[in-house]
Amino acid sequence: MVMVKTIEALQEAKKLLQGTIGFVPTMGALHQGHLSLIQQARKENDSLIVSIFVNPTQFLEGEDLDAYPRKDEADIKICELIGVDILFMPTVESMYEADELCIGAPAVRGYVLEGEKRPGHFDGMLQVVMKLLNLSGATHAYFGKKDAQQLALITQMVKNYFLDVNIIPCEIVRDEKGLALSSRNVYLRGDEKERALCLSSALKRATKLVISGELDVEKLKKEMLEVLSEADRVEYVAIVSRDFKALKKVEIGNTIILVAAWVGKPRLIDNLWI
Ligand code: AMP
């Protein structure tokens, strides 16, 4: 594995790669969720690039940019063990200049749910993903369904800007109790880890009801909110189509159920595709 920190070193290291290039962008503090993406990309491609970059432009004022968990040493070892070819860990200065040209999230899909609660987050996310896709020269880029709206917007960016890359959606990885893995889970203390399970429990409750024939979105959301009373604050429960349009009835095969809630210090998100 080659570990590179500058754009020039990345371009140099890329000259040795052959065939398809799998690419997995991350913000580090790697966990099993990230590893599943990296392993899938390893299996499906001749070459593999992983990036670790805590991107400042996707954090809003007052969010946890400075406190975001960082585990560079452990992450480097993990990438080496998995067989990553190039690990790209750029500095903020090498990625951005002042007064940049910016890509904006779409006015509707980019400003509902996560986009409504975190206005500007998706602009910053798309800005860095565009840079990273171009820099990596990826033929296949891997993103988790855990960040469902992010995945939808990246897919749209690739389509709208005619980027020559295949976006590969990857399944959500959970712990043995059902909690979706997240770098921010390290902030869960005491009973919070147990209470955080209410997000996946609410999704399971909705699935059971859908299986039993309940398709009414308002009724499903009401049931989910009861389960979510364990959280400190629920930010949203939403049931939308795969392209993030509001639904009145669940459409099997075209629906995502999403939840965002605060449990202790972290804000957690989870979702289920049905
Ligand atoms: P992050 O480091 O949080 O920016 O995540 C990097 C990539 O890993 C994104 O595509 C995430 O959607 C994905 N990811 C994070 N957590 C999980 C998880 N529990 N299961 C699957 N993918 C995940």
Side-chain angles (χ1 to χ4, degrees), residues 22-44 48-60 63-65 67-72 74-76 78-79 82 84 87-90 92 95 113-115 118 121-133 136 138 140-158 165-188 193 196-197 199-200 203 244 256 258-260 263 266-273:
F23 174 52
V24 184
T26 80
M27 297 206 297
L30 300 180
H31 53 65
Q32 206 54 46
H34 298 113
L35 299 201
S36 71
L37 269 59
I38 299 173
Q39 277 160 336
Q40 186 176 342
R42 177 71 282 173
K43 249 189 247 152
E44 296 176 356
L48 173 58
I49 304 179
V50 170
S51 66
I52 295 178
F53 181 59
V54 181
N55 173 42
T57 67
Q58 69 190 65
F59 286 78
L60 307 190
E63 287 191 342
D64 60 347
L65 173 62
Y68 195 83
R70 291 171 204 248
K71 298 186 183 166
D72 287 358
D75 290 348
I76 293 168
I78 290 169
C79 288
I82 296 186
V84 171
L87 175 58
F88 180 46
M89 297 177 76
V92 175
M95 290 292 280
L113 305 175
E114 284 299 290
R118 304 179 69 193
H121 164 68
F122 285 132
D123 302 289
M125 179 280 290
L126 292 170
Q127 185 185 19
V128 81
V129 170
M130 175 68 115
K131 286 170 187 272
L132 291 168
L133 289 175
S136 65
H140 298 76
Y142 293 74
F143 295 89
K145 287 182 175 179
K146 161 103 188 328
D147 299 282
Q149 201 172 357
Q150 164 174 295
L151 172 59
L153 293 175
I154 291 167
T155 306
Q156 189 184 352
M157 178 174 76
V158 165
V165 56
N166 298 291
I167 299 299
I168 316 287
C170 301
E171 293 307 320
I172 299 176
V173 178
R174 301 171 178 285
D175 74 7
E176 63 286 352
K177 290 190 171 166
L179 178 65
L181 299 188
S182 161
S183 302
R184 291 188 170 103
N185 290 352
V186 295
Y187 296 132
L188 294 168
K193 201 151 187 200
L197 294 174
L199 278 84
S200 55
L203 294 169
F244 284 82
I256 310 178
L258 305 105
V259 43
V263 181
R267 176 182 185 276
L268 304 174
I269 57 170
D270 200 351
N271 66 76
L272 192 111
W273 300 45

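Order of listing sets the numbers, starting from 1, for every ligand and every atom in it.
Taking every heavy atom of Phe143 and a limit of under 4.0 angstrom, the matching atoms of ligand 1 come to 10 (O). Distances below 4.0 Å separate heavy atoms of Ile172 from the following atoms of ligand 1: 20 (N), 21 (C). Of all the atoms in ligand 1, the ones that sit under 4.0 Å from a non-hydrogen atom of Pro25 are 6 (C), 7 (C). Every atom of ligand 1 is numbered from 1 in the order shown, and the set under 4.0 Å from a heavy atom of Thr26 is 2 (O), 6 (C). The contact set between ligand 1 and Leu181, taken as ligand atoms under 4.0 Å from a residue heavy atom, comprises 16 (N), 17 (C), 18 (C), 19 (N). Below 4.0 Å from some heavy atom of Glu171 lie the following atoms of ligand 1, by number and element: 20 (N), 21 (C).
For atom 20 (N) of ligand 1, the closest non-hydrogen atom of the protein is Val173 N, 2.8 Å. Closest protein heavy atom to atom 4 (O) of ligand 1: Met27 CG, 3.5 Å. Protein heavy atom nearest atom 11 (C) of ligand 1, with residue, atom name and distance: Asp147 OD2, 3.1 Å. The protein non-hydrogen atom at the shortest distance from atom 23 (C) of ligand 1 is Lys146 CB, 4.1 Å.
Looking at heavy atoms from C-beta onward, Ile154 lies in side-chain contact with Leu126 at the 4.5 angstrom threshold. Within the 4.5 Å cutoff, no side-chain heavy atoms of Phe88 are placed close to those of Pro25. Under the 4.5 Å side-chain criterion, counting only non-hydrogen atoms from C-beta, Phe143 is in contact with Val129. Looking at heavy atoms from C-beta onward, Asp270 lies in side-chain contact with Ile172 at the 4.5 angstrom threshold. Between Ile78 and Ile38 there is no side-chain heavy-atom pair separated by less than 4.5 Å. In this structure, Met27 and Ser183 have side chains that are not in contact, with every pair of non-hydrogen atoms separated by 4.5 Å or more. Residues Lys146 and Ser182 meet the side-chain proximity criterion, which asks for heavy atoms closer than 4.5 Å. Contact of the Leu153 side chain with the Phe244 side chain is not registered, since no non-hydrogen atoms from C-beta on lie closer than 4.5 Å.
Checked against a 3.5 angstrom limit, the closest N/O atoms of Tyr142 and ligand 1 fall outside it. Between Gly144 and ligand 1, a contact under 3.5 Å exists for at least one N or O pair. For ligand 1, one of its N or O atoms has an N or O atom of His34 under 3.5 Å away. By the 3.5 Å distance cut-off applied to N or O atoms, Leu37 is not counted among the residues near ligand 1.
Checked against His31 for a side-chain contact (heavy atoms from CB on, under 4.5 Å), the options Asp175, Thr26, Asn185, Leu181 give a single hit: Leu181.
Under the rule for a salt bridge (charged side-chain N to carboxylate O under 4.0 Å, His left out), the partners of Arg184 that lie at least two apart in sequence or sit in another chain are Asp64.
Within the structure, ligand 1 has His31 among the residues with a heavy atom less than 4.0 angstrom away.
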